[in-house]
Structure formats: C-alpha cells, structure tokens
Amino acid sequence: MESKDDSGGPRCLVTGATGYIGGRLVPELLAAGHRVRCLARTPEKLRDHPWADETEVVQGDVTDAESVAAAMRGVDIAYYLVHALGSGPGFERTDRDAARIFGEQAEAAGVRRIVYLGGLTPADVPERELSPHLRSRAEVGRILLDSGVPATVLRAAVIIGSGSASFEMLRYLTERLPVMVTPSWVSTRVQPIAVRDALRYLVGSARMPADVNRAFDIGGPDVMTYRDMMQEYARVAGLPRRLLLPVPMLSPGLSSHWIGLVTPVPASIARPLAESLRHEVVCHEHDITEHVPDGPGRPFPFATALSLALQRVREARVTTRWSSASTPGIPSDPLPTDPDWAGGSLYTDVRERDVDASPDALWRVVEGIGGENGWYSLPPAWAVRGWLDRLVGGVGLRRGRRDAQRLRVGDSLDFWRVEEIERGRLLRLRAEMRLPGLAWLEMYVEEREDGRSHYRQRALFHPAGLLGHAYWWSVSPFHAVVFGGMARNIALAAGRETPGDRG
C-alpha cells in the first residue's frame, strides 16, 4: 500500500479521524508538511471533509490485526486516538486488545513512533480506585509504551474547544441553569487545556527523538475547580454569576443522568466525564516543552480557550463535534440495496409533493433540516420523542447540527446521523434513537420538466422481533400528521423566499 504522494514529510497514520480530535488533527498534520493516511471503519464518513483529497483513507478497525497491519505499511508515525469512553460492558477488554494489536503491528511494520492522547490521572490514587474510563486510558498508555516502539503518551484532563463534549457539557449547564444543584465533584481541582494546544502537542510529538518513550502531562496554565470553570464561563459569555448549591449525595451516576437531561451530551458519555472528576487531575510536570516548546502566551489561559470556542460556535465554524464519532451501541447498519431486505420485513411510509420552487431552493430546505430549524411538523411530538429517548438512555433530540447549513456524511443530526448525501438530490438519515429495530428517513429532490421541483420522502423501518412490529403499528396512526405534515411544510418553506416557522 502506498500513499497518493510519496514526497514530503513523514507519513502519519491517524486512527479516530472521524472523531473530535482526529478530525482536527489531520489538517494540522497536513499543514505541518506531513503525509496522512487515515484508518476508518467507514471511510465514507471522511468523504466530505475539506481535507479528504489530500489524504489516503483505508478501511479497517483497530481490533482487526490484518487491517491494522495493512494500514501500517510505510508509516513513520502512528496516532492512536480511539477509545470506547466507558460505554457498555467489556469496553476495558476491547481497549486493551485494540492497543496490543496496534502496538504489535506498529513494531512489525517498523513504525518510528506511536502517539497517544490519554487521560490525566491523579498521582496519589491507586489505579483500582480510578473510574473505569480513566483506568482504561492509563492501561492503554502503558501497553503502547511497552510495545517496543518509542511512544509519546499525552495525558490531558478537560479539553476545551468548540464542539468538545467537555465544552458543551460546561456550556449548556452554565447557560441553562442560573441556579444549579451540583454534585461534590464540582469542587475537584482540574487543569483544562485548549484544544489548539492539545493539537499543537500532538503534531509536535511526531518529531521527538527516538530515545523518548514516556508519558507527558499536558494542561493549560490555570488550575481550577469545575465550579470556577462554570463561573468563568458565565463571565466570558456575559451571563450573570451562577448560584451553585452543592449536594454531596449526588453521585456521578445520578449526575450523569442529570447532565443528560440538561445538555446535548447523553448520559452514556457524561458518566465517564463526571467519574473522571472525582479525583484531582492536575499536571505534575510540564516536560513536553523540552520537545514541543511553548510560544508567547501558550498554552492558552482557560478564559482565552473559552473565548476562542465561543467565537467558533457563534460564527458556526465548528469543524468537528463530540458527536462526530459514532455513539457506541447505536445501530450502524447501512440501508441495504435489496428493497425486500432479503426476505425480511421492511415497513415504509412514502410522501410525495410537487413543489412550487426550484430544485436548488428545495434542496436548501432539505439540507437545512433539524437543529435550530426543526423538523417541519408538530414540534411537541418531536420534543416528546426526544425526551423519551433520553429517559431510556438514548441520545435524544438535542445534539443539533455541526453546521447550520451544510451537512456531510457522518454528521450527527439530532437523533439521526447522515448516512448518505448526494448534494442537490438525496439526503438519507439513519436513526440513532432507541428503537426495537432499524430506521431511516430519506428525502429526495427531483426536477420537473417545467423547472420546478418534486419532493419525495420515505421513512423506512426494519422491525426487530414482535416488539418491533408492535412499535410500527402503534405509531403508524400518527404518520399522517408527522410525516405528512413534514412533507407539506418542507414544500411550503421551499416556496417562500425566506422559510418561516419550521417547527
């Protein structure tokens, strides 16, 4: 396997390129003169990224030794940026096995260095007392350091950047709750770091000398409690000071469900984040500067990191989000090409309308669906469905959109994910809410002979067992209102110069 361009700097393999950090690291590596190869389970998710044509994308999984071996050929630096975030039973074993495979294949391929972004752990707490999430991140770091390949393990606490799970958790808690009942972990001291500094250290680690094989603590200049972080966010965002009422019995488990109800971050992701704050996570050294020097004003202070993140959000320039990576446990099967599902059941709801608007105008409405724009029919019904999904541990309706106007394959969109987009013609969404089956929503834009457009909408559901069939028939009476109203209002919105209330 060879890259598209064999000239230039070192060839870097990036795992986790569909995720929050990996998706931002790739363009930084390219800007630094490196050649980049991305390993992805679903390469199509990287198709619409602005840097896709400058990289080589190969299909594979870090748990599959054969695909990792193929991806490692000719690689100089291998970035390990995948982890399970403590979601689901057995994740520690999965992380352990994947790290061993990665290290073994890197050594076999003659890779010069492995770079891993892990979690900052307290020095005076036995590992058995750490949260499962932090314990697993520490174990992965050790496995990579013992792999026989020189490794750089960067250990960070809270990463602050537009779209990061930590930032959005902080943002929504502070903005939505002027008075807040808080768990005891808001008094724990942490050392946050701006995502731009984390990326700078990741890129710089590629050029470390061969005799460096160790972990480095990375953090910003401020050590503060989570309470301090919320009050500082309020100040930077121009909000009144928040009233925080501590309740010691509010455990990480309970507080994760509370976070899941208030913020877009679901409980399955909020829990490991909250559990990681039970112990003080503060840097004990800053030796990284021996190899990646800090310039003037770097690393950024916490207030500056917040300001930069808020500016990106307000300007709608969020390049990746915590939800960029697929949520563990969510169905990811693509819509099969066989319309009869190889003999299985497939329920459909089809709506079609001629639209008094150009195909371009109709497509703008279709691509702008969801998030703040809503779903064009019965907003209370969509809101209730989102709350019900949250109550059973799903992602809910509040993930919103990465970009208010443009979508790309792999984007999360409320409780959907973009499975396919043929710009100007087709948008296919795959459901990620909790369902007794698999579901998709397709929206087609077609041009009529008179230059106007035709809209076709198709909802599909593949039931799982008797419960799945019962679910479809229980909700089908509402389809005329929900899906019928959706098709009607999309057509009306496209016919207006400025779309009005979208629900």
Side-chain angles (χ1 to χ4, degrees), residues 1-6 8 10-30 34-85 94 98 101-102 105-106 109 111 115 117 163 202 319-337 402-403 406-413 416-423 425-432 438 440 442:
M1 180 187 301
E2 297 295 332
S3 77
K4 295 178 180 179
D5 180 8
D6 285 333
R11 183 182 290 119
C12 299
L13 174 68
V14 177
T15 62
T18 59
Y20 178 72
I21 292 292
R24 296 190 179 207
L25 176 63
V26 170
E28 297 292 330
L29 290 171
L30 291 170
H34 301 306
R35 294 167 289 162
V36 177
R37 176 183 296 160
C38 300
L39 175 68
R41 284 178 296 179
T42 310
E44 292 77 15
K45 288 185 178 181
L46 299 177
R47 185 188 69 195
D48 298 328
H49 284 257
W51 39 260
D53 290 342
E54 301 177 63
T55 64
E56 180 187 8
V57 180
V58 296
Q59 196 279 331
D61 191 294
V62 290
T63 61
D64 175 41
E66 186 175 344
S67 65
V68 174
M72 289 283 189
R73 291 176 195 146
V75 165
D76 300 296
I77 312 296
Y79 284 88
Y80 191 77
L81 302 174
V82 294
H83 57 88
L85 200 61
T94 300
I101 289 171
F102 196 80
Q105 298 306 324
V111 171
V115 181
L117 179 61
L202 283 166
T319 54
T320 62
R321 297 181 68 217
W322 62 270
S323 55
S324 298
S326 297
T327 303
I330 294 298
S332 58
D333 297 338
L335 181 66
T337 55
R402 177 192 56 83
D403 185 290
R406 301 278 287 186
L407 293 173
R408 63 190 183 204
V409 171
D411 271 359
S412 62
L413 180 58
W416 306 89
R417 188 171 297 274
V418 180
E419 182 173 283
E420 183 56 81
I421 183 167
E422 296 178 21
R423 209 160 299 282
R425 176 182 174 271
L426 164 68
L427 175 63
R428 179 184 300 136
L429 307 176
R430 185 183 70 247
E432 290 191 338
L438 304 174
W440 294 266
E442 293 181 327

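- To the nearest 0.5 Å, the span separating CZ on Arg47 from OG1 on Thr42 amounts to 12.0 Å.
- For the pair Thr15 and Tyr80, the tightest heavy-atom approach, listed with the atom from each and the gap, is OG1-CA, 3.4 Å.
- Proximity of Val14 to Leu81: side-chain heavy atoms (C-beta onward) are separated by under 4.5 Å at one or more points.
- Between the side chain of Arg37 and the backbone N or O of Ala71 there is at least one donor-acceptor pair closer than 3.5 Å.
- We find that Arg417 and Glu419 are not joined by a salt bridge, their nearest charged nitrogen and carboxylate oxygen being 4.0 Å or further apart.
- Remark: of the listed residues Thr55, Leu30, Leu29, Asp76, Asp76 is the sole one forming a side-chain contact (heavy atoms from CB on, under 4.5 Å) with Arg35.
- One finds the CZ atom of Arg11 at 12.0 Å from the CD1 atom of Ile77 (value rounded to the nearest 0.5 Å).
- Contact check for Arg24 versus Leu202: no side-chain heavy atoms found under the 4.5 Å cut-off.
- The shortest distance between side-chain heavy atoms of Arg408 and Arg402 falls below 4.5 Å.
- Although no hydrogens or angles enter the test, the distance criterion places no donor-acceptor pair under 3.5 Å between the side chain of Thr63 and the main chain of Ala98.
- For CD of Glu66, the number of neighbouring non-hydrogen atoms (other residues, nucleotides, ligands) closer than 6.0 Å is 12 at most.
- Atoms CD and CD, from Glu420 and Glu44 in turn, are 8.0 Å apart once rounded to the nearest 0.5 Å.
- Here the shortest heavy-atom pairing between Lys45 and Gly410 reads CG-CA, 4.0 Å.
- Considering CH2 of Trp416 and CZ of Arg430, their distance stands at 11.0 Å, rounded to 0.5 Å.
- The heavy-atom pair separating Ala40 from Leu46 by the smallest distance is CB-CD1, 4.1 Å.
- A ring pair (Phe, Tyr, Trp, His ring centres under 6.0 Å) check over residues 51-79, counting only residues at least two apart or in different chains, returns the pairs His49-Trp51.
- Leu426 places none of its side-chain heavy atoms less than 4.5 Å from the side chain of Ile421.
- A pairwise comparison of heavy atoms in Gly163 and Tyr20 identifies C-CE1, 3.5 Å as the closest pair.
- Among all heavy-atom pairs drawn from Pro43 and Val57, the shortest one is CB-CG1, 3.6 Å.
- Remark: side-chain polar atoms of Gln59 are paired, donor with acceptor, to backbone N or O of Arg41 under 3.5 angstrom.
- A donor-acceptor pair under 3.5 Å is formed between the side chain of Arg423 and the backbone N or O of Leu407.
- One N or O on the side chain of Ser67 and one on the backbone of Asp61 form a donor-acceptor pair closer than 3.5 Å.
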